[in-house]
Amino acid sequence: MVGIVRRYPVPFCYAGVVAAVSLVWGYGLGPEQQRGFLGWASTNVANLTVRPVTSMIVSAFVAQETMALWSVMILVGLGPLVHRFGNMRSIGLVLAAHVTGTLISQGITALRLAVGAAPDAVRYMHDVGPSYVVVSAQIAVVFYGHSWWHRAIALGSWLMLAPFLFGGLGDWDVAAIGHLSAMITGAVAGGLLVRRTPATLRGANRDAVNAVSLS
């Protein structure tokens, strides 16, 4: 088990931090403190205007509900992704998807606010969670996974989330737009990585290969 964690630190560390932050938020803070923390951590228009980096980072580590489910989804999505592209490239893919999903969804919200098409309350909406990271990883594995069963697991886990990903898309729902943007980014970034990955390492975790060769 220790060897697996060493070869795949990204999914295990991310799932662990999400679980820890979410437990502290859910059980270590009072209702008013919870609301205050969510308001501070959210990637909404108000926060992105003054501190985009901290809000984007912290928001990805807070699961308001079903923390255990999100931890499993992180392992199922990022595990095969790391096996396919390695740890650092996988970080780049999901980071790009998280940032892109946030900027597009909140950018559209900012435009709607500017023209009076959205209520001012959405400027301060709560917007946290690892979903952009997870769905981008799932889609990248579905398209470019190492084996058919990796792809099947990624597709199955994505189908479990799918009913909750696109609600309100026609009404410019922030989360729905963000999910779609993150998935498109995951598919595109995965395709670019496939083109750039050396043939000898395609379909294998570069870190795992290096570890085997050094042992």
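Residue numbers count from 1 along this sequence.
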Which is it for His126 and Asn44 under the side-chain contact (heavy atoms from CB on, under 4.5 Å) test, yes or no, and what are the steps along the way?
CA-CA 7 Å; His126 290 167; Asn44 53 39; 5.6 Å; no
With a 4.5 Å heavy-atom cut-off, do [X] and [Y] have their side chains touching?
{"X": "Leu78", "Y": "Ser90", "value": "no"}
{"X": "Phe37", "Y": "Val58", "value": "yes"}
{"X": "Ser105", "Y": "Val174", "value": "yes"}
{"X": "Arg84", "Y": "Val194", "value": "yes"}
{"X": "Trp40", "Y": "Arg35", "value": "no"}
{"X": "Leu38", "Y": "Trp25", "value": "yes"}
{"X": "Val133", "Y": "Leu95", "value": "no"}
{"X": "Trp70", "Y": "Ser131", "value": "yes"}

Step by step, would you call Ile74 with Phe12 a side-chain contact (heavy atoms from CB on, under 4.5 Å)?
CA-CA 8 Å; Ile74 288 169; Phe12 283 100; over 6 Å; no
To the closest 0.5 Å, what do you measure between [atom1] ([X]) and [atom2] ([Y])?
{"X": "Leu155", "Y": "Trp149", "atom1": "CG", "atom2": "CH2", "answer": "15.0 Å"}
{"X": "Thr100", "Y": "Ile184", "atom1": "OG1", "atom2": "CD1", "answer": "10.5 Å"}
{"X": "Met160", "Y": "Gln138", "atom1": "CE", "atom2": "CD", "answer": "9.5 Å"}
{"X": "Leu165", "Y": "Leu180", "atom1": "CG", "atom2": "CG", "answer": "10.0 Å"}

If you look at every heavy atom in [X] and [Y], which pair is closest and at what distance?
{"X": "Ala182", "Y": "Val135", "value": "CB-CG2, 4.3 Å"}
{"X": "Arg51", "Y": "Ala41", "value": "NH2-N, 4.5 Å"}
{"X": "Val128", "Y": "Gln64", "value": "CG2-OE1, 3.6 Å"}
{"X": "Pro52", "Y": "Ser55", "value": "O-OG, 3.1 Å"}
{"X": "Gly190", "Y": "Phe85", "value": "O-CZ, 3.7 Å"}
{"X": "Ser22", "Y": "Ala63", "value": "OG-N, 2.9 Å"}

Pick one: which of Leu81, Val76, Val82 meets side chain to side chain contact (heavy atoms under 4.5 Å, CB included) with Pro11?
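Only one of Leu81, Val76, Val82 forms a side chain to side chain contact (heavy atoms under 4.5 Å, CB included) with Pro11, namely Val82.
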In this structure, which one of Met125, Arg123, Arg112 forms a side chain to side chain contact (heavy atoms under 4.5 Å, CB included) with Val45?
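Of all the options given, the one that passes is Arg123.
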Which label fits His83 and Tyr8: parallel for a plane angle under 30°, tilted from 30 to 60°, or perpendicular past 60°?
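Aromatic pair His83/Tyr8 classed parallel.
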Over 60° means perpendicular and under 30° means parallel, so tell me whether Tyr132 and His98 are parallel, tilted or perpendicular.
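Plane angle between 30° and 60°, so tilted.
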Testing the 3.5 Å rule here: is there a donor-acceptor pair between the side chains of Asp127 and Thr43?
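A pair is found: one side chain offers a donor N or O, the other an acceptor, under 3.5 Å apart.
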Begin with the C-alpha distance, continue with both residues' side-chain angles, and end with the deciding distance and a verdict on side-chain contact (heavy atoms from CB on, under 4.5 Å) for Trp172 and Ile108.
CA-CA 8 Å; Trp172 303 103; Ile108 290 174; 3.8 Å; yes
Would you say [X]'s side chain and [Y]'s backbone share a donor-acceptor pair under 3.5 angstrom?
{"X": "Gln33", "Y": "Gly30", "result": "yes"}
{"X": "Ser157", "Y": "Ala154", "result": "yes"}
{"X": "Tyr144", "Y": "Ala187", "result": "yes"}
{"X": "Asp173", "Y": "Ala175", "result": "yes"}
{"X": "Gln34", "Y": "Gly26", "result": "yes"}

Decide whether [X] and [Y] are clustered together by the hydrophobic rule: side chain heavy atoms of Ile, Leu, Val, Met, Phe, Trp, Tyr closer than 4.5 Å, transitively.
{"X": "Leu159", "Y": "Leu69", "value": "yes"}
{"X": "Leu23", "Y": "Leu29", "value": "no"}
{"X": "Met56", "Y": "Val18", "value": "no"}
{"X": "Ile104", "Y": "Leu48", "value": "no"}
{"X": "Ile57", "Y": "Val17", "value": "yes"}

Could you go through Met73 and Leu161, starting from their C-alpha distance and side-chain angles, then the distance that decides it, and tell me whether this counts as side-chain contact (heavy atoms from CB on, under 4.5 Å)?
CA-CA 9 Å; Met73 288 293 178; Leu161 297 178; 4.1 Å; yes
